[in-house]
There are 4 protein chains.
Amino acid sequence: MKKLKKINAVVIGASGYTGSELVRILLNHQEVNITALVANSNAGKEIGEIYPQFKHFNLPALQKLEDVDFLQDDVAFCCLPHTTSQEVILVLAQNYPQLKIIDLSADFRLDDVSNYEKWYQHKHEAPEIQAQAVYGLSEINRDKIKNAAIVACPGCYPTSALLPLIPLLKNKMISEKSIIIDSKSGASGAGRNLKQGNLFCEVNDSVKAYSVGVHRHTGEIEQELSKAFGAELQVDFTPHLIPINRGIISTIYVDLKKGFNVDDLRNCLKTKYEDEYFVNVIDGEPAISDVVGSNFCVISIFEARTCGKAVIVSVIDNLCKGASGQGVQNMNNMFGLDERTGLEFAPIFP
Amino acid sequence: MKKLKKINAVVIGASGYTGSELVRILLNHQEVNITALVANSNAGKEIGEIYPQFKHFNLPALQKLEDVDFLQDDVAFCCLPHTTSQEVILVLAQNYPQLKIIDLSADFRLDDVSNYEKWYQHKHEAPEIQAQAVYGLSEINRDKIKNAAIVACPGCYPTSALLPLIPLLKNKMISEKSIIIDSKSGASGAGRNLKQGNLFCEVNDSVKAYSVGVHRHTGEIEQELSKAFGAELQVDFTPHLIPINRGIISTIYVDLKKGFNVDDLRNCLKTKYEDEYFVNVIDGEPAISDVVGSNFCVISIFEARTCGKAVIVSVIDNLCKGASGQGVQNMNNMFGLDERTGLEFAPIFP
Amino acid sequence: MKKLKKINAVVIGASGYTGSELVRILLNHQEVNITALVANSNAGKEIGEIYPQFKHFNLPALQKLEDVDFLQDDVAFCCLPHTTSQEVILVLAQNYPQLKIIDLSADFRLDDVSNYEKWYQHKHEAPEIQAQAVYGLSEINRDKIKNAAIVACPGCYPTSALLPLIPLLKNKMISEKSIIIDSKSGASGAGRNLKQGNLFCEVNDSVKAYSVGVHRHTGEIEQELSKAFGAELQVDFTPHLIPINRGIISTIYVDLKKGFNVDDLRNCLKTKYEDEYFVNVIDGEPAISDVVGSNFCVISIFEARTCGKAVIVSVIDNLCKGASGQGVQNMNNMFGLDERTGLEFAPIFP
Amino acid sequence: MKKLKKINAVVIGASGYTGSELVRILLNHQEVNITALVANSNAGKEIGEIYPQFKHFNLPALQKLEDVDFLQDDVAFCCLPHTTSQEVILVLAQNYPQLKIIDLSADFRLDDVSNYEKWYQHKHEAPEIQAQAVYGLSEINRDKIKNAAIVACPGCYPTSALLPLIPLLKNKMISEKSIIIDSKSGASGAGRNLKQGNLFCEVNDSVKAYSVGVHRHTGEIEQELSKAFGAELQVDFTPHLIPINRGIISTIYVDLKKGFNVDDLRNCLKTKYEDEYFVNVIDGEPAISDVVGSNFCVISIFEARTCGKAVIVSVIDNLCKGASGQGVQNMNNMFGLDERTGLEFAPIFP
């Protein structure tokens, strides 16, 4: 079911890491034209000036948002920081009804704007858009995404945790009361921002836990798990910064519900993801290097040492399946393409 | 209470990473003479040939074990692989009663030889020595170590987990039923062995969980926690390999016993370690880089998101406090020196 | 000029890094069927068992060389170590006249077998094949490669050095007497072999020069530069090992011939590579990250501080343009495809 | 010849990497009291707040320059950026005649202020101090340093290049006309400044050449080499940024003067540095890991492939021998201590 005409796509926020990852993917996508690259503070420059890896590609120059003619576009990817994103999307949604919007920020991920305001300490400026937004976890919300006008792509940590946990909670195989998610992420998750903690010498040769118990992605994880479970729940989530560029590994500790063992859980996940190209449930020990540069999520589940527990390990590339890759997967779905289109490239190793 | 004469020390297994770390520390220790360096397969070479960082130091050549005259020595550090270590120590203990032995392998860490045989799949060949061995967690077993003839230095992962957990269990502040230890270690923990998984390209740019639920250090952690608690308990322990040379960070999830909150736990740890030079309980977020190259352990404790839980973060340098540094700390204690002697160097950062 | 039928390709030596890089590229190549993967010591396993990144792809199991039916194949990529490669290729060439052979080893790179024997200390076992082999530097030897039955792909270091130097020597713009090539390579260049020097802890946090003045790639560099210049010449080449997985940067010092300045050299290179997709001459400072994961070579040239000299900087991905990518580029040429087919993916950054 | 009283030392600019390295070294130095730590923008904080590795040490709080009573101090280490350094030192020198000053910036390294103004594009504000300053390359200028009131410690790159080159030029063993210095430095050389190019993801997995032919350290290298040679000379110097925290490796290409071979050069260096503790001339291939965390410089010299050339490889820790370690070595000299005092610690590896 191919479209005759290519999809015209604009990338807003092209000077960040998720923006550049989108460009990398879309360049390889045979059904997409990149019509515009928006980067207000770098407007006028070629993208090759700020991302030399694109110097040799035929791409539009960076421009200001106000200079883009969105009438020609079919889809806008929004890679702006949260709070900025909602301002821009509000305008786009009001003025360009033909435009499908795929947001990679946190601005439209939380259904309840008061929940957003609690986690992000910012008054939501587009609650009417929020009402239309679909949470873009591709394998879980496929049907809703298909018809959505605006898709809020999940955060990187949530993607790694939700894919294994949602089916298990839906099937009441694990307790909702003691879910521990210990995640480790590469430095690109922090973006291209100038903070001392992001400097090479500060990240290299070290690992640190941060935002212990209070990280913003907790809200998103709890919202989606609560939906799957059918009632409110809370989780313990600890993110760590590791000295790699790309990738997340989440080690998740769960309590089995009576009557289930680890094999049951594994079978549940294998069945759920049997026909999913991008989610693979394996028997061994996943490593981040199994997925870097690709849109895959690899999951494994192990019997814990203590009775009645299981340990789940899940790996993704935070910039790809955890951000831009999942965004393109959603776009494919929204435009009636095979979800795999333009995303079948293998991980890069070593 | 300084000795008039320096301590004569021999390092057995000088060609591994813990052996070389011992040499680094002892070179800087004003009360120690290194009398011999044993490395059977490299015997005859200078240590500078296999560890160029020592080329410029005045050190004895590597020799075979059989060529060492242990009669002149006061202490032997044994940095051999497990199973080899017990063979050697059995002979030393039987022939050189004057010699204090500090073992860095796993061979004498488990009180019960049948427990050893279960975890290490090897019949213990020196059970009579096991009976005399003291588990060398310096801050916890100081009094026993002082008079021990043989000290079994704790594993690296156990050191990072036991220091925060023992006081909390002893004081019945946390449940013994749901202790989760999620640890991340640098590659030097695997030693200088030729395994594909230790190659640069395999470790770099990745993180993986391994031996999930079945790692051998579990036995040692459970033994010491059970002693502290006063009854048998089990833990869930997941080690991860991270792309750094040195350092461990353990993120530990515990359930508070009724009547206690996180402040109580923090106070318990602060009180316990108030006068300990090498163990520091802080309020912020510890990073591995806070301790690399030093004998410090830094611990912090956080309120978890879910009710009744706490998250403990603990960092050490696996080769130093997690191995050779703690070995020297124990030696100081065994010879009546201030425990800090030769170990007061600051971490190296960046 | 597309072929109606896909090209049937076999990868011999699929368990090494260049083998796995070939698989990564060919999976994405729309005109190629991978018919067989040869890995004698891993025969019977799935490639996903030794390279987990391929677990989710539909690929043939690894097999022994003797079990492959080469009659069905159009091309064989040979990713074996030198000396093994020539044995295998000799048999293939004698028995399968329809088969085009692309060798990634050093075995057929040196025109003169006595030169091979000097650099590789091994008697050449297939001199008659050598006579037919074409040196596969794509942009330089395109016409010969097109009709070759066997192509010897250049080494990684030589590729990075020859692309800028050949046009300058051909045009007599630089002296042949004082060419200094200071190269820095990621660890994948050493392959997946178990050597102490390749362990993570040995490579990480360090850089070393090795084989100073005597590295085997020197022979290959000198051969091709001598051809370009029209007379025998020698170069000073120093390789360094750097703590990254992929990538080479070569910093090259040359003496200008009288009458030429740096602008002339830059123009020469820009003109030469104007229509080349994979070779880009830029004005800024190239970084390895500009090319990782891609088949690009980026070159820049700078005025030196001292009079009459220039500094050239050249970067490639050693596994891609420096090995498997160039191999596929040559295959495209040999089979009448656009050389870019399957190779247009952008570098991966960060 | 020990002083009875400890040396009172103040560190100005304690919040940068060279400042923190000084603190690390001085903490271990038995003849020094750290009386004050100056960091204007962090004044009032404990140093442990900005460098957690020092949390457990007894150190003065950070303070403003104006709040320091320099009358009590014997020596001031100045770790400020260039241009700021000269302002501060001018005031100190005028007001505290008892105070010896050891500057780690570039401000007093160039004898001729017009040369300074050319390389640093800044008018020198303290030419009268310049006249008294001694270039603090410890092994070369020992006698002058001994009696200096102000010592300008060499840059990191110059230290690595000058130590091998000065003796060879002094002895007219190499040509002054074709010295090429290809250097590779870890990221700490760029300091703790917030620049995009210093972010983890930008440095990791890459190497780049920068400031090709125009790096400011060139002026300093040429000045000292010209003095050694006895006439003005120029060099080609190319710095590279490598993904490690600490360490420099300089690969240096020289032309032999007629009558000399590589053995002669090696002997010259071996003789020159025979009695020097910190400079070691070896026969093998030096690696950065041979010196990290230490004050050593390791040098090796190789026969080049082309006739009449030699390749010299030199490694140092840029923060230690390339900055703060050499600063302390000079202090020892200035105060009549054994130069090795407080600096005999071994490199840290792995």
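By convention in this document, chain letters (A, B, ...) are assigned in the order of the sequence lines, proteins followed by strands, and residues within each chain are numbered from 1.
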Full working for side-chain contact (heavy atoms from CB on, under 4.5 Å) between C/I252 and C/I180:
CA-CA 6 Å; C/I252 304 169; C/I180 290 171; over 6 Å; no

Correct closest heavy-atom pair for B/I102 and B/C153 would be CG2-SG, 3.6 Å

Calculate, to the nearest 0.5 Å, the distance between atoms CD1 and CD1 belonging to C/I288 and C/I249 respectively.
5.5 Å

To the nearest 0.5 Å, tell me how far B/L104 CG sits from B/I12 CD1.
11.0 Å

Evaluate the side-chain proximity of C/L37 to C/V23: yes if any heavy-atom separation is below 4.5 Å, no if none is.
yes

I need the B/L163 CG to B/F278 CZ distance, nearest 0.5 Å.
12.0 Å

Short donor-acceptor contacts under 3.5 Å linking chain C with chain B:
residue, atom, partner, partner atom, Å
C/Y17, OH, B/E202, OE2, 2.5
C/R192, NE, B/E202, OE2, 2.8
C/R192, NH2, B/E202, OE1, 3.0
C/R192, NH2, B/E202, OE2, 3.4
C/N198, O, B/F200, N, 2.8
C/F200, N, B/N198, O, 2.8
C/C201, O, B/N245, ND2, 3.4
C/E202, OE1, B/R192, NH2, 3.0
C/E202, OE2, B/Y17, OH, 2.5
C/E202, OE2, B/R192, NE, 2.8
C/E202, OE2, B/R192, NH2, 3.3
C/N204, ND2, B/N245, OD1, 2.8
C/N245, OD1, B/N204, ND2, 2.8
C/N245, ND2, B/C201, O, 3.4

